[in-house]
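To start, the structure itself, in C-alpha coordinates.
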Number of protein chains: 2
Amino acid sequence: MNSQVPSALTAFVRLANAHGAMERAFNQELQAAGRITVTDFEVLRRLADAPDGRMRRIDLAHAVGVTPSGITRLLDGLEASELVGRHHCTQDHRVTYAVITNAGRDVLRATAATHLAGLVALFAERFTQNELNQLVTLLGRLPGADSDLSCPAAAVEPVTVES
Amino acid sequence: MNSQVPSALTAFVRLANAHGAMERAFNQELQAAGRITVTDFEVLRRLADAPDGRMRRIDLAHAVGVTPSGITRLLDGLEASELVGRHHCTQDHRVTYAVITNAGRDVLRATAATHLAGLVALFAERFTQNELNQLVTLLGRLPGADSDLSCPAAAVEPVTVES
DNA sequence: GAGATATACTTGAGTACGCAAACAGGCTAG
DNA sequence: CTAGCCTGTTTGCGTACTCAAGTATATCTC
(Lines give C-alpha, C1' and ligand atoms only; values in the text may rest on other atoms or scores of the structure.)
Protein backbone atom coordinates (compact mmCIF):
# COMPACT_ATOMS: atom_id res chain seq x y z
CA MET A 1 0.00 0.00 0.00
CA ASN A 2 2.02 2.87 -1.31
CA SER A 3 2.63 6.13 0.47
CA GLN A 4 0.42 8.57 -1.45
CA VAL A 5 -2.74 6.83 -0.50
CA PRO A 6 -3.30 7.21 3.22
CA SER A 7 -4.87 10.63 3.46
CA ALA A 8 -7.47 9.89 0.83
CA LEU A 9 -8.31 6.61 2.48
CA THR A 10 -8.44 8.20 5.89
CA ALA A 11 -10.69 10.95 4.63
CA PHE A 12 -13.09 8.42 3.21
CA VAL A 13 -13.07 6.22 6.28
CA ARG A 14 -13.64 9.14 8.59
CA LEU A 15 -16.41 10.43 6.41
CA ALA A 16 -18.09 7.05 6.54
CA ASN A 17 -17.69 6.56 10.25
CA ALA A 18 -18.77 10.07 11.12
CA HIS A 19 -21.80 9.76 8.93
CA GLY A 20 -22.73 6.42 10.40
CA ALA A 21 -22.37 7.55 13.98
CA MET A 22 -24.27 10.78 13.49
CA GLU A 23 -27.04 9.19 11.52
CA ARG A 24 -27.53 6.56 14.17
CA ALA A 25 -27.61 9.12 16.96
CA PHE A 26 -29.99 11.47 15.20
CA ASN A 27 -32.24 8.67 14.14
CA GLN A 28 -32.80 7.69 17.73
CA GLU A 29 -33.42 11.26 18.73
CA LEU A 30 -35.90 11.80 15.93
CA GLN A 31 -37.56 8.45 16.43
CA ALA A 32 -38.23 9.47 20.01
CA ALA A 33 -39.41 12.95 19.12
CA GLY A 34 -41.69 12.18 16.22
CA ARG A 35 -41.38 8.65 14.87
CA ILE A 36 -39.46 9.74 11.81
CA THR A 37 -35.97 9.06 10.48
CA VAL A 38 -33.26 11.49 9.49
CA THR A 39 -34.16 11.05 5.84
CA ASP A 40 -37.83 11.68 6.56
CA PHE A 41 -36.82 14.83 8.35
CA GLU A 42 -34.79 15.99 5.39
CA VAL A 43 -37.73 15.37 3.10
CA LEU A 44 -40.11 17.32 5.29
CA ARG A 45 -37.62 20.13 5.63
CA ARG A 46 -37.08 20.40 1.90
CA LEU A 47 -40.77 20.37 1.20
CA ALA A 48 -41.50 22.94 3.88
CA ASP A 49 -38.87 25.24 2.40
CA ALA A 50 -40.08 24.78 -1.16
CA PRO A 51 -42.63 27.14 -2.72
CA ASP A 52 -46.14 25.89 -2.02
CA GLY A 53 -44.61 23.16 0.13
CA ARG A 54 -44.19 20.88 -2.83
CA MET A 55 -41.57 19.38 -5.10
CA ARG A 56 -41.36 16.93 -7.93
CA ARG A 57 -40.60 13.56 -6.52
CA ILE A 58 -37.54 13.16 -8.60
CA ASP A 59 -36.04 16.45 -7.57
CA LEU A 60 -36.74 15.51 -4.00
CA ALA A 61 -34.98 12.20 -4.52
CA HIS A 62 -31.97 13.96 -5.87
CA ALA A 63 -32.00 16.57 -3.12
CA VAL A 64 -31.98 14.06 -0.30
CA GLY A 65 -29.61 11.71 -2.06
CA VAL A 66 -31.68 8.63 -2.76
CA THR A 67 -32.71 6.90 -5.99
CA PRO A 68 -36.12 7.35 -7.59
CA SER A 69 -37.27 4.04 -6.22
CA GLY A 70 -35.97 5.09 -2.84
CA ILE A 71 -38.13 8.21 -2.83
CA THR A 72 -41.19 6.18 -3.76
CA ARG A 73 -40.85 3.95 -0.73
CA LEU A 74 -39.84 6.76 1.53
CA LEU A 75 -42.87 8.78 0.54
CA ASP A 76 -45.06 5.70 0.84
CA GLY A 77 -44.35 5.84 4.54
CA LEU A 78 -44.87 9.56 4.87
CA GLU A 79 -48.08 9.35 2.87
CA ALA A 80 -49.33 6.56 5.09
CA SER A 81 -48.76 8.75 8.14
CA GLU A 82 -50.39 11.64 6.29
CA LEU A 83 -47.34 13.84 6.59
CA VAL A 84 -47.19 14.40 2.86
CA GLY A 85 -49.73 14.12 0.10
CA ARG A 86 -49.44 13.81 -3.64
CA HIS A 87 -50.48 16.14 -6.39
CA HIS A 88 -50.46 15.29 -10.06
CA CYS A 89 -49.04 17.79 -12.46
CA THR A 90 -51.63 18.74 -15.05
CA GLN A 91 -49.08 19.87 -17.62
CA ASP A 92 -46.87 16.84 -17.56
CA HIS A 93 -48.70 13.72 -16.57
CA ARG A 94 -45.50 11.89 -15.85
CA VAL A 95 -44.68 13.96 -12.86
CA THR A 96 -46.35 14.03 -9.51
CA TYR A 97 -45.50 16.39 -6.70
CA ALA A 98 -44.98 15.54 -3.08
CA VAL A 99 -46.77 18.10 -0.91
CA ILE A 100 -46.23 18.57 2.78
CA THR A 101 -49.45 18.52 4.80
CA ASN A 102 -50.27 20.48 7.90
CA ALA A 103 -49.62 17.40 9.96
CA GLY A 104 -46.26 17.20 8.24
CA ARG A 105 -45.44 20.75 9.16
CA ASP A 106 -46.47 20.03 12.72
CA VAL A 107 -44.16 17.06 12.97
CA LEU A 108 -41.38 19.04 11.39
CA ARG A 109 -41.82 21.84 13.89
CA ALA A 110 -41.97 19.41 16.78
CA THR A 111 -38.81 17.59 15.80
CA ALA A 112 -36.83 20.47 14.35
CA ALA A 113 -36.40 22.15 17.70
CA THR A 114 -34.52 19.35 19.38
CA HIS A 115 -32.89 17.95 16.27
CA LEU A 116 -31.42 21.19 15.07
CA ALA A 117 -30.32 22.08 18.57
CA GLY A 118 -28.55 18.76 18.82
CA LEU A 119 -26.95 19.28 15.45
CA VAL A 120 -25.73 22.75 16.29
CA ALA A 121 -24.44 21.62 19.66
CA LEU A 122 -22.55 18.75 18.11
CA PHE A 123 -20.71 21.01 15.73
CA ALA A 124 -20.30 23.89 18.13
CA GLU A 125 -18.57 21.59 20.58
CA ARG A 126 -15.93 20.64 18.07
CA PHE A 127 -15.47 23.53 15.68
CA THR A 128 -15.18 27.26 15.61
CA GLN A 129 -17.50 28.97 13.19
CA ASN A 130 -14.57 29.40 10.89
CA GLU A 131 -13.66 25.75 10.89
CA LEU A 132 -17.26 24.82 10.32
CA ASN A 133 -17.40 27.04 7.27
CA GLN A 134 -14.24 25.45 6.01
CA LEU A 135 -15.68 22.00 6.54
CA VAL A 136 -18.81 22.95 4.67
CA THR A 137 -16.95 24.27 1.65
CA LEU A 138 -14.59 21.32 1.53
CA LEU A 139 -17.48 18.85 1.77
CA GLY A 140 -19.25 20.78 -0.93
CA ARG A 141 -16.61 19.81 -3.43
CA LEU A 142 -17.20 16.11 -2.95
CA PRO A 143 -19.43 14.15 -5.29
CA GLY A 144 -23.13 14.15 -4.59
CA ALA A 145 -22.89 17.69 -3.37
CA ASP A 146 -26.15 19.26 -2.51
CA SER A 147 -26.44 21.20 -5.77
CA ASP A 148 -29.03 23.07 -3.72
CA LEU A 149 -31.42 23.24 -6.59
CA SER A 150 -33.72 25.91 -5.33
CA CYS A 151 -36.74 24.00 -6.49
CA PRO A 152 -37.13 24.83 -10.15
CA ALA A 153 -40.35 23.93 -11.89
CA ALA A 154 -42.43 24.65 -8.83
CA ALA A 155 -44.83 27.46 -8.13
CA VAL A 156 -46.71 26.85 -11.31
CA GLU A 157 -50.20 25.68 -10.61
CA PRO A 158 -52.66 25.79 -7.73
CA VAL A 159 -52.20 23.19 -5.07
CA THR A 160 -54.86 20.66 -4.26
CA VAL A 161 -53.81 17.80 -2.09
CA GLU A 162 -55.53 14.50 -2.68
CA SER A 163 -56.03 11.56 -0.35
CA MET B 1 -35.71 28.05 11.11
CA ASN B 2 -33.47 30.46 12.91
CA SER B 3 -30.26 31.89 11.59
CA GLN B 4 -27.56 30.05 13.57
CA VAL B 5 -28.53 26.70 12.25
CA PRO B 6 -27.76 26.58 8.54
CA SER B 7 -24.07 25.76 8.50
CA ALA B 8 -24.44 22.84 10.88
CA LEU B 9 -27.32 21.50 8.86
CA THR B 10 -25.51 22.01 5.59
CA ALA B 11 -22.45 20.27 6.95
CA PHE B 12 -24.51 17.28 7.93
CA VAL B 13 -26.43 17.14 4.68
CA ARG B 14 -23.29 17.40 2.60
CA LEU B 15 -21.63 14.76 4.69
CA ALA B 16 -24.54 12.45 4.12
CA ASN B 17 -24.80 13.09 0.41
CA ALA B 18 -21.08 12.83 -0.19
CA HIS B 19 -20.92 9.61 1.72
CA GLY B 20 -23.86 8.15 -0.14
CA ALA B 21 -22.54 9.09 -3.55
CA MET B 22 -19.03 7.85 -2.90
CA GLU B 23 -20.14 4.63 -1.30
CA ARG B 24 -22.40 3.86 -4.23
CA ALA B 25 -19.67 4.59 -6.75
CA PHE B 26 -17.01 2.57 -4.97
CA ASN B 27 -19.35 -0.29 -4.34
CA GLN B 28 -19.91 -0.72 -8.04
CA GLU B 29 -16.22 -0.51 -8.73
CA LEU B 30 -15.39 -3.08 -6.06
CA GLN B 31 -18.27 -5.31 -7.01
CA ALA B 32 -16.87 -5.45 -10.50
CA ALA B 33 -13.29 -5.99 -9.38
CA GLY B 34 -13.81 -8.62 -6.73
CA ARG B 35 -17.40 -9.14 -5.71
CA ILE B 36 -17.01 -7.31 -2.43
CA THR B 37 -18.48 -4.17 -0.93
CA VAL B 38 -16.75 -1.12 0.46
CA THR B 39 -17.27 -2.39 3.99
CA ASP B 40 -15.86 -5.79 3.08
CA PHE B 41 -12.86 -4.03 1.67
CA GLU B 42 -12.38 -2.07 4.88
CA VAL B 43 -12.57 -5.27 6.88
CA LEU B 44 -10.00 -7.02 4.72
CA ARG B 45 -7.74 -4.01 4.83
CA ARG B 46 -7.89 -3.75 8.60
CA LEU B 47 -7.22 -7.42 9.04
CA ALA B 48 -4.35 -7.40 6.57
CA ASP B 49 -2.75 -4.53 8.45
CA ALA B 50 -3.25 -6.11 11.85
CA PRO B 51 -0.55 -8.26 13.44
CA ASP B 52 -1.01 -11.87 12.39
CA GLY B 53 -3.78 -10.72 10.11
CA ARG B 54 -6.36 -11.02 12.84
CA MET B 55 -8.53 -8.95 15.15
CA ARG B 56 -11.16 -9.48 17.74
CA ARG B 57 -14.51 -9.25 16.09
CA ILE B 58 -15.68 -6.52 18.33
CA ASP B 59 -12.67 -4.34 17.71
CA LEU B 60 -13.18 -4.89 14.03
CA ALA B 61 -16.80 -3.85 14.35
CA HIS B 62 -15.79 -0.65 16.04
CA ALA B 63 -13.01 0.02 13.57
CA VAL B 64 -15.22 -0.20 10.53
CA GLY B 65 -18.15 1.52 12.21
CA VAL B 66 -20.78 -1.17 12.47
CA THR B 67 -22.51 -2.77 15.44
CA PRO B 68 -21.54 -6.15 16.86
CA SER B 69 -24.45 -7.79 15.12
CA GLY B 70 -23.42 -6.04 11.94
CA ILE B 71 -19.96 -7.55 12.07
CA THR B 72 -21.38 -11.00 12.61
CA ARG B 73 -23.40 -10.84 9.41
CA LEU B 74 -20.68 -9.12 7.50
CA LEU B 75 -18.17 -11.78 8.46
CA ASP B 76 -20.72 -14.49 7.71
CA GLY B 77 -20.42 -13.45 4.11
CA LEU B 78 -16.66 -13.21 4.08
CA GLU B 79 -16.37 -16.55 5.83
CA ALA B 80 -18.67 -18.12 3.28
CA SER B 81 -16.38 -16.86 0.50
CA GLU B 82 -13.37 -18.08 2.50
CA LEU B 83 -11.82 -14.64 2.62
CA VAL B 84 -11.60 -14.70 6.40
CA GLY B 85 -11.58 -17.49 8.92
CA ARG B 86 -12.26 -17.58 12.62
CA HIS B 87 -9.98 -18.39 15.47
CA HIS B 88 -11.10 -18.89 19.04
CA CYS B 89 -9.14 -17.25 21.79
CA THR B 90 -7.94 -19.85 24.23
CA GLN B 91 -7.52 -17.41 27.08
CA ASP B 92 -10.93 -15.80 26.94
CA HIS B 93 -13.53 -18.08 25.48
CA ARG B 94 -15.91 -15.25 24.86
CA VAL B 95 -13.81 -13.76 22.11
CA THR B 96 -13.13 -15.07 18.68
CA TYR B 97 -10.79 -13.52 16.17
CA ALA B 98 -11.42 -12.84 12.54
CA VAL B 99 -8.39 -13.90 10.51
CA ILE B 100 -7.73 -12.98 6.92
CA THR B 101 -6.98 -15.95 4.69
CA ASN B 102 -4.65 -16.09 1.74
CA ALA B 103 -7.62 -15.89 -0.55
CA GLY B 104 -8.64 -12.79 1.38
CA ARG B 105 -5.26 -11.22 0.84
CA ASP B 106 -5.48 -12.05 -2.83
CA VAL B 107 -8.83 -10.35 -3.19
CA LEU B 108 -7.57 -7.39 -1.25
CA ARG B 109 -4.56 -7.05 -3.51
CA ALA B 110 -6.69 -7.43 -6.60
CA THR B 111 -9.16 -4.77 -5.58
CA ALA B 112 -6.88 -2.39 -3.73
CA ALA B 113 -5.06 -1.30 -6.86
CA THR B 114 -8.05 0.11 -8.67
CA HIS B 115 -10.00 1.12 -5.61
CA LEU B 116 -7.25 3.12 -4.00
CA ALA B 117 -6.34 4.69 -7.30
CA GLY B 118 -9.94 5.77 -7.74
CA LEU B 119 -10.03 7.12 -4.24
CA VAL B 120 -6.85 9.10 -4.66
CA ALA B 121 -7.97 10.44 -8.01
CA LEU B 122 -11.28 11.55 -6.61
CA PHE B 123 -9.66 13.59 -3.90
CA ALA B 124 -6.74 14.80 -5.97
CA GLU B 125 -9.17 16.24 -8.49
CA ARG B 126 -10.85 18.38 -5.88
CA PHE B 127 -8.33 19.21 -3.22
CA THR B 128 -4.77 20.26 -2.78
CA GLN B 129 -2.77 18.13 -0.40
CA ASN B 130 -3.15 20.85 2.14
CA GLU B 131 -6.90 20.99 1.88
CA LEU B 132 -7.09 17.24 2.07
CA ASN B 133 -5.15 17.27 5.31
CA GLN B 134 -7.47 19.91 6.65
CA LEU B 135 -10.47 17.86 5.69
CA VAL B 136 -9.01 14.82 7.40
CA THR B 137 -8.35 16.62 10.66
CA LEU B 138 -11.74 18.30 10.67
CA LEU B 139 -13.51 15.03 10.00
CA GLY B 140 -11.44 13.43 12.72
CA ARG B 141 -13.16 15.55 15.32
CA LEU B 142 -16.59 14.26 14.43
CA PRO B 143 -18.20 11.47 16.42
CA GLY B 144 -17.36 7.93 15.46
CA ALA B 145 -13.85 8.98 14.62
CA ASP B 146 -11.52 6.23 13.74
CA SER B 147 -9.76 6.14 17.12
CA ASP B 148 -7.25 4.08 15.12
CA LEU B 149 -6.91 1.48 17.81
CA SER B 150 -3.76 -0.20 16.68
CA CYS B 151 -5.15 -3.58 17.46
CA PRO B 152 -4.55 -4.14 21.14
CA ALA B 153 -4.91 -7.64 22.51
CA ALA B 154 -3.59 -9.19 19.36
CA ALA B 155 -0.28 -10.93 18.72
CA VAL B 156 -0.67 -13.20 21.68
CA GLU B 157 -1.02 -16.76 20.62
CA PRO B 158 -0.17 -18.86 17.59
CA VAL B 159 -2.62 -18.66 14.74
CA THR B 160 -4.44 -21.67 13.44
CA VAL B 161 -7.30 -20.95 11.12
CA GLU B 162 -10.19 -23.33 11.21
CA SER B 163 -12.64 -24.09 8.42
C1' DG C 1 -48.07 11.31 -37.43
C1' DA C 2 -45.24 7.20 -36.37
C1' DG C 3 -41.28 5.54 -34.45
C1' DA C 4 -37.53 6.05 -31.48
C1' DT C 5 -35.73 7.87 -27.41
C1' DA C 6 -35.90 10.01 -23.06
C1' DT C 7 -38.14 11.02 -18.60
C1' DA C 8 -41.00 10.17 -14.26
C1' DC C 9 -42.42 6.90 -11.60
C1' DT C 10 -43.48 2.15 -9.60
C1' DT C 11 -42.73 -2.68 -8.54
C1' DG C 12 -40.30 -7.19 -7.41
C1' DA C 13 -36.59 -9.14 -5.39
C1' DG C 14 -32.66 -8.78 -2.79
C1' DT C 15 -29.26 -6.91 0.70
C1' DA C 16 -27.03 -4.70 4.42
C1' DC C 17 -27.52 -3.23 7.99
C1' DG C 18 -29.98 -1.90 12.94
C1' DC C 19 -32.09 -2.93 17.61
C1' DA C 20 -33.46 -5.87 21.30
C1' DA C 21 -33.07 -10.06 23.41
C1' DA C 22 -30.72 -14.33 24.45
C1' DC C 23 -26.75 -16.78 25.82
C1' DA C 24 -22.12 -18.00 27.22
C1' DG C 25 -18.01 -17.05 29.53
C1' DG C 26 -15.37 -14.16 32.78
C1' DC C 27 -14.71 -11.06 36.92
C1' DT C 28 -15.72 -9.28 41.63
C1' DA C 29 -17.58 -9.09 46.35
C1' DG C 30 -19.39 -11.24 50.20
C1' DC D 1 -18.24 -20.77 46.01
C1' DT D 2 -21.97 -18.39 44.56
C1' DA D 3 -24.70 -14.31 43.12
C1' DG D 4 -24.56 -10.53 40.34
C1' DC D 5 -22.78 -7.94 36.75
C1' DC D 6 -20.11 -7.04 32.60
C1' DT D 7 -18.48 -8.34 27.91
C1' DG D 8 -18.40 -10.75 23.35
C1' DT D 9 -21.20 -12.93 20.19
C1' DT D 10 -25.25 -14.55 17.86
C1' DT D 11 -30.18 -14.63 16.48
C1' DG D 12 -35.05 -12.97 15.25
C1' DC D 13 -37.24 -9.55 13.32
C1' DG D 14 -37.70 -5.27 11.11
C1' DT D 15 -36.43 -1.48 7.91
C1' DA D 16 -34.39 1.44 4.51
C1' DC D 17 -32.66 1.37 1.06
C1' DT D 18 -30.62 -0.67 -3.89
C1' DC D 19 -30.84 -2.38 -8.81
C1' DA D 20 -33.28 -4.04 -12.78
C1' DA D 21 -37.25 -4.21 -15.15
C1' DG D 22 -41.81 -2.52 -16.29
C1' DT D 23 -45.45 1.14 -17.38
C1' DA D 24 -46.88 5.76 -18.67
C1' DT D 25 -46.24 9.97 -20.70
C1' DA D 26 -43.60 13.40 -23.36
C1' DT D 27 -40.52 14.90 -27.02
C1' DC D 28 -37.90 14.76 -30.99
C1' DT D 29 -36.98 13.30 -36.03
C1' DC D 30 -38.19 12.24 -40.32
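Reminder, nothing fancy here: chain letters follow the sequence lines and each chain counts from 1. These figures come from a predicted structure and were not determined experimentally.
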Spell out, as yes or no, whether a donor-acceptor pair under 3.5 Å connects the side chain of Asn27(A) to the backbone of Arg24(A).
no

Sequence-distant partners of Glu29(B), salt bridge (Lys or Arg N to Asp or Glu O under 4.0 Å), two or more places apart:
none

From the options dC17(D), dA16(C), dT10(D), select the nucleotide whose nearest atom is closest to the side chain of Thr37(B).
dA16(C)

My understanding is that only residues two or more places apart in sequence, or in another chain, count here; which of them pass salt bridge (Lys or Arg N to Asp or Glu O under 4.0 Å) with Arg109(A)?
Asp106(A)

Rounded to whole Å, please give me the gap between CZ in Arg57(A) and P in dA24(D).
17 Å

Under the salt bridge (Lys or Arg N to Asp or Glu O under 4.0 Å) test, which residues partner Glu42(A), sequence neighbours left out?
Arg45(A), Arg46(A)

I need a per-nucleotide contact map over nucleotides 19-25 of chain C, read 5' to 3'. Cutoff is protein heavy atoms under 4.0 Å; write B for the base, S for backbone only, - otherwise.
BB----B

Nearest-Å distance for atom pair CZ/P, residues Phe41(A) and dA16(D):
17 Å

Rounded to the nearest angstrom, tell me the gap between atom CG in Asp59(A) and atom C1' in dC9(C).
13 Å

Side chain of Thr72(A), heavy atoms from C-beta onward: which of dT9(D), dT10(C), dC17(C) has the nearest atom to it?
dT10(C)

The nucleotide from dT10(D), dT10(C), dC17(D) with an atom nearest the side chain of Thr39(A) is dC17(D)

Does any pair with a residue in residues 88-104 of chain B pass salt bridge (Lys or Arg N to Asp or Glu O under 4.0 Å), and if so which ones, sequence neighbours excluded?
Asp92(B)-Arg94(B)

Arg141(B): what forms a salt bridge (Lys or Arg N to Asp or Glu O under 4.0 Å) with it, not counting sequence neighbours?
Glu131(A)

Could you state the atom-to-atom distance from CG of Leu60(A) to P of dA8(C) in whole Å?
14 Å

What is the distance, to the nearest angstrom, from the CD atom on Gln31(B) to the P atom on dG14(C)?
16 Å

Tell me if a side-chain donor or acceptor on Thr101(B) pairs with a main-chain N or O of Leu83(B) at a distance below 3.5 Å.
yes

Starting at CZ of Arg86(A) and ending at C1' of dT10(C), how long is that distance when rounded to a whole Å?
9 Å

To the nearest Å, how far apart are Asn27(B) CG and dT15(C) P?
14 Å

To the nearest angstrom, how far is Leu75(A) atom CG from dT10(C) atom P?
8 Å

